[in-house]
Protein chains: 2
Amino acid sequence: MTRAEPATTIREIAALAGVSGGTVSRVMNDKPGVGAATRERIKALIEEHDFHGDATARQLSRGRSDSLGIVFPLQVSEVVMHPVYPELLGAISDAAQDAGYDVILFTTNATRGVDHVLDSVKRKRVDGLILPAASSDDALLGRVVDAEIPTVLVGHRQRAGRVTWVDCTHDEALYEQTTTLLHGGRRSLTLLNGPARISAYNLRSEGFWRAIRDFGDDRVTADEKVTEMGYASGVAAVDELFARRSRPDAILCSADTTAAGVLEQLGKLGRAVPGDVAVTGFDDIEYSRHSTPPLSTVRMPLHDTGAAAVSLLLEMLTGHGATPEPRVLQTEVIERESSAG
Amino acid sequence: MTRAEPATTIREIAALAGVSGGTVSRVMNDKPGVGAATRERIKALIEEHDFHGDATARQLSRGRSDSLGIVFPLQVSEVVMHPVYPELLGAISDAAQDAGYDVILFTTNATRGVDHVLDSVKRKRVDGLILPAASSDDALLGRVVDAEIPTVLVGHRQRAGRVTWVDCTHDEALYEQTTTLLHGGRRSLTLLNGPARISAYNLRSEGFWRAIRDFGDDRVTADEKVTEMGYASGVAAVDELFARRSRPDAILCSADTTAAGVLEQLGKLGRAVPGDVAVTGFDDIEYSRHSTPPLSTVRMPLHDTGAAAVSLLLEMLTGHGATPEPRVLQTEVIERESSAG
DNA sequence: CTGTTAGCGCCTTCAG
DNA sequence: CTGAAGGCGCTAACAG
């Protein structure tokens, strides 16, 4: 196939084909109203001249951008550090691009706040937003609702106006982990959890306590400690827990990184895992498959979550204005040696 | 300050101010040729009506987008898993937005390849590209050079046409780590490194061997093993190394995650760290501050790297066509207990 | 089936 | 200092 000079406007192709710009436009958008022969001829010309059209002009003319924004709050260290975000971001970007949408990455930090993002969203005509790390006290969230920007929250369940969400079964995962531990004979459980304003943590708390209640044994003692997630917190938590009288025989962590710290510190204190203490994590990072002992954990369906977020957003954009129902995806509880009965 | 109906076009503001659209445009772009009084009046109106202009129309008119693309190869598992990318991505996005540029995130995967990215780049009039994970066999890299798209490589040193790069002193870091180990009395060193087609790994190899040569002691034995980075590789490498006769008394790893596996497995084999074997890592992830023993490692200037990448790209875009010189930033070697002499 | 005609909203000469 | 006019490249409505 010979390549001629790359053409830069629709009119050049039109001139070459001996038709008008409108016809070329119809061909490029696969719209009806062009004879098969002309269509083929134009397609060949487009191919030959490596012509791609100009997205900017198209946007201006159609009044929409076919692009969506992802907002990442860099000032929230939990987010930047959290091992699941790269994969989630990748999944969202993947799904968006497959649907013909471009992804614009917005980051907020200590100085550049939500106003800046909203300005860009308006100026750039971003069609919709995906917020992978919102919490109930998020300033952006309120503004997005007011501005009626179609938005999908990931990992935070809050619905209002043009805002819907996709999340996974954090509650069921913790319910299952907790129940399994109880059936395995554990009687003094501690949950190391993140702050409840992030609904993922809140749900895990719920599942944990519901499992305790449902088990219905008075001799069971349970406790929840809210802390930052991370290795250091795990270490600190163990130190604190074992300085007390009532020492847990099971520690459930809302992050594998925290669990790693817990495992390490239990080792130092001479506590056997899972003999003396069972430990579970959340996230299924690579480490957890290889730690000593291998860590029981929960895998979130990150790829499907990203895809679902995009699909929900597209529904809102192309649909008839109704905000679609939230979507809940299934987590997978992974049993390894660290919590063996 | 009262807010009236948000205005949506420059002409609305113009009508309100009793001037023409051109004048408002001049005000919005801080261009001369408007009387102080009119300028103030228009500014007030803009503020009052929360008017932001339309980026799309502006782009079309000016022929550029004020946006840059970041390309992330999701099919390269090393990249997705690697703990430094979130921070780097954040830094790039931050710097770009501060400079008034939008960031478009492109991902390639097994099916959607480089063609798709290049198409988008052309159609979207993306002004330039940042490639945070290129290697010498990267198909995109060649295409980008041919297409003369202003591009900055991060972490891979290759210069051609409109392509330049920013990187940090991987070589010096390894040189320093190696030299320190040798001066500490270690005599049998093994480097666990990634593949040389990624220049970061290649440079580390260089620094390692140069340090060995410079030390100039025949009794020193050194070896380099190329492997994937990650926890599992560290475990496997230790198993293999200690099944042999000549056992290293120092293991240098090109990633903290690998070093974590090494520490773990050495522990299982009953080898003391740093007593029997010194261990070093690279990346300074959170774990390394808390591991047993705390891990000596190298911190890359990720934030500055992202900022430098953006600044180089802007130089290319606004400058006089000359491709700017590459920039090398300083790594920081961090000594902790795992390599104590 | 195809061409023509208006815009989309802004920027940028060129006059005045 | 300001207004008017043309154009960026494409789409969509309307004729033919």
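Since this is a predicted model, take the numbers as computed values, not measurements. Note: hydrogens, waters and symmetry copies are ignored here, and every other heavy atom, side chains too, is used.
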Partner residues of A:Arg62 under the side chain to side chain contact (heavy atoms under 4.5 Å, CB included) criterion, sequence neighbours left out: A:Arg58, A:Arg64, A:Asp66

Testing the 3.5 Å rule here: is there a donor-acceptor pair between the side chains of B:Gln158 and B:Ser199? no

Describe, as an angle rounded to 10 degrees, how the axis at the first end of the helix from C:dC1-D:dG16 to C:dG16-D:dC1 is tilted relative to the axis at the last end, five pairs per end. 40°

Going by side chain to side chain contact (heavy atoms under 4.5 Å, CB included), name the residues that satisfy it together with B:Ala307, two or more places apart in sequence or in a different chain. B:Ala95

Looking at B:Thr56, is its backbone amide N or carbonyl O close enough to the side chain of B:Asp54 to form a donor-acceptor pair, meaning the two atoms are under 3.5 Å apart? yes

May I ask you to list the residues of residues 21-33 of chain A, by number, that have any heavy atom positioned under 4.0 Å from an atom of DNA chain C? A:Thr23, A:Arg26, A:Gly33

Boundaries of the chain A footprint along DNA chain C (any atom under 4.0 Å from a heavy atom): C:dC1 to C:dG9

Would the distance check show the side chain of B:Asp127 and the main-chain N or O of B:Leu68 forming a donor-acceptor pair, the cut-off being under 3.5 Å? no

Suppose we screen for salt bridge (Lys or Arg N to Asp or Glu O under 4.0 Å). Which residues come up paired with B:Asp115, at least two apart in sequence or across chains? B:Arg143

Under 4.0 Å, counting only non-hydrogen atoms across every strand here, what does A:Thr38 touch: a base, just sugar-phosphate, or nothing? sugar-phosphate

Note: chain A reaches DNA chain D at heavy-atom distances under 4.0 Å over the stretch, first to last nt, 5' to 3', of D:dG9 to D:dA13

According to salt bridge (Lys or Arg N to Asp or Glu O under 4.0 Å), who are the partners of A:Asp146, at least two apart in sequence or on a separate chain? none

When we call it a touch if two heavy atoms are under 4.0 Å apart, what does A:Arg39 touch: a base, just sugar-phosphate, or nothing? nothing

Categorize A:Arg125 for me: base, sugar-phosphate, or nothing, with a 4.0 angstrom heavy-atom threshold over every strand shown. sugar-phosphate

Check every strand shown and say whether A:Ile10 touches a base, only sugar-phosphate, or nothing at a heavy-atom separation below 4.0 Å. sugar-phosphate

Taking only residues two or more places apart in sequence or in another chain, which ones pass salt bridge (Lys or Arg N to Asp or Glu O under 4.0 Å) with B:Arg157? B:Asp167

Residue list, side chain to side chain contact (heavy atoms under 4.5 Å, CB included) with B:Ile149, at least two apart or on another chain: B:Leu118, B:Val121, B:Leu129, B:Val144, B:Ala147, B:Thr151

Set of side chain to side chain contact (heavy atoms under 4.5 Å, CB included) partners for A:Ala308, sequence neighbours left out: A:Val166, A:Arg327, A:Leu329

Give a yes or no answer on whether the side chain of B:Ser61 reaches the backbone of B:Ala57 with a donor-acceptor pair at less than 3.5 Å. no

With B:Glu40 via salt bridge (Lys or Arg N to Asp or Glu O under 4.0 Å) - residues at least two apart: none

Under a 3.5 Å threshold, yes or no: a donor from one side chain and an acceptor from the other, between A:Gln59 and A:Lys124? no

